[in-house]
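Right, one structure below, let's go through it.
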Amino acid sequence: MKKSNFGSEGELAACAYIESLGMKILRRNFKAPGGEADIIAADDKYICFIEVKYRSFNTIELMKSVSRKKQLRVIKSAEKYIIETDCRLQPRFDVLITGEGLDIEYIANAYGGSCI
């Protein structure tokens, strides 16, 4: 499977899972200068900037792939999105991990309290 199809398949599964949690998908693949967010979703309290990792290896290795540099890129996109939309919800940075033959693991506040 091509890498782009692999990622798209993962994001579709991620969106379905996120919606099953009662969140509303606001944007997908939001890009900003110096940043990007795979999925932006919201519930009554939080606006969530979600990094999706879809791979064929274990969770520990996937979390390592969400480096500080990657976190900063997601945070940059969050800053731009919040300013553009005048969002008043509390930002949160989450990671959703899934893959072929893997269950979905959703890690809320995955950056350990990093926020704008």
Side-chain angles (χ1 to χ4, degrees):
M1 183 183 302
K2 290 168 69 175
K3 185 178 179 181
S4 61
N5 291 342
F6 201 57
S8 294
E9 183 179 317
E11 284 187 26
L12 287 174
C15 285
Y17 182 80
I18 290 163
E19 288 174 332
S20 78
L21 297 175
M23 290 196 275
K24 180 180 179 187
I25 305 296
L26 303 176
R27 295 283 294 267
R28 287 182 57 194
N29 301 308
F30 179 77
K31 295 192 186 325
E36 62 183 314
D38 292 332
I39 298 172
I40 301 172
D43 60 18
D44 294 336
K45 186 175 179 183
Y46 296 102
I47 181 157
C48 301
F49 298 88
I50 304 163
E51 175 69 15
V52 177
K53 292 297 180 185
Y54 186 84
R55 301 278 195 281
S56 58
F57 47 89
N58 71 37
T59 301
I60 294 168
E61 292 302 315
L62 285 171
M63 279 307 297
K64 286 180 184 175
S65 70
V66 184
S67 66
R68 183 68 181 149
K69 182 178 177 181
K70 179 63 179 171
Q71 291 175 19
L72 292 173
R73 290 180 53 81
V74 176
I75 290 168
K76 280 233 183 262
S77 68
E79 290 170 339
K80 180 169 175 50
Y81 184 85
I82 288 170
I83 290 167
E84 282 183 1
T85 62
D86 195 31
C87 180
R88 301 288 183 204
L89 296 171
Q90 173 68 39
R92 189 177 77 197
F93 300 93
D94 301 349
V95 175
L96 186 144
I97 300 168
T98 190
E100 198 169 329
L102 299 175
D103 292 331
I104 291 177
E105 183 174 352
Y106 190 80
I107 305 162
N109 198 29
Y111 299 0
S114 296
C115 64
I116 297 171

At what distance, to the nearest 0.5 angstrom, does [atom1] of [X] lie from [atom2] of [Y]?
X	Y	atom1	atom2	value
E79	L72	CD	CG	9.5 Å
Y106	S20	OH	OG	10.5 Å
I39	E51	CD1	CD	9.5 Å
I18	I104	CD1	CD1	8.5 Å
I50	R92	CD1	CZ	7.5 Å
Y81	L26	OH	CG	4.5 Å

Tell me the closest heavy-atom pair linking [X] and [Y], and the distance in Å.
X	Y	result
F49	P91	CE1-CB, 4.2 Å
K76	P33	CD-O, 3.9 Å
S77	G35	CB-C, 3.9 Å
N109	D94	N-OD1, 2.8 Å

Do Y46 and L89 have side chains that get closer than 4.5 Å, going by heavy atoms? no

Answer yes or no: is there a side-chain heavy-atom contact under 4.5 Å between Y17 and T98? no

Salt bridge K80-E36, side-chain N to carboxylate O under 4.0 Å: no

side-chain contact (heavy atoms from CB on, under 4.5 Å) evaluation trace for L96 with D38: CA-CA 10 Å; L96 186 144; D38 292 332; over 6 Å; no

Find out if a path of hydrophobic residues (ILVMFWY) with successive side-chain heavy-atom gaps under 4.5 Å connects V52 to L21. yes

Could you walk me through whether Q71 and V95 pass the side-chain contact (heavy atoms from CB on, under 4.5 Å) check? CA-CA 10 Å; Q71 291 175 19; V95 175; over 6 Å; no

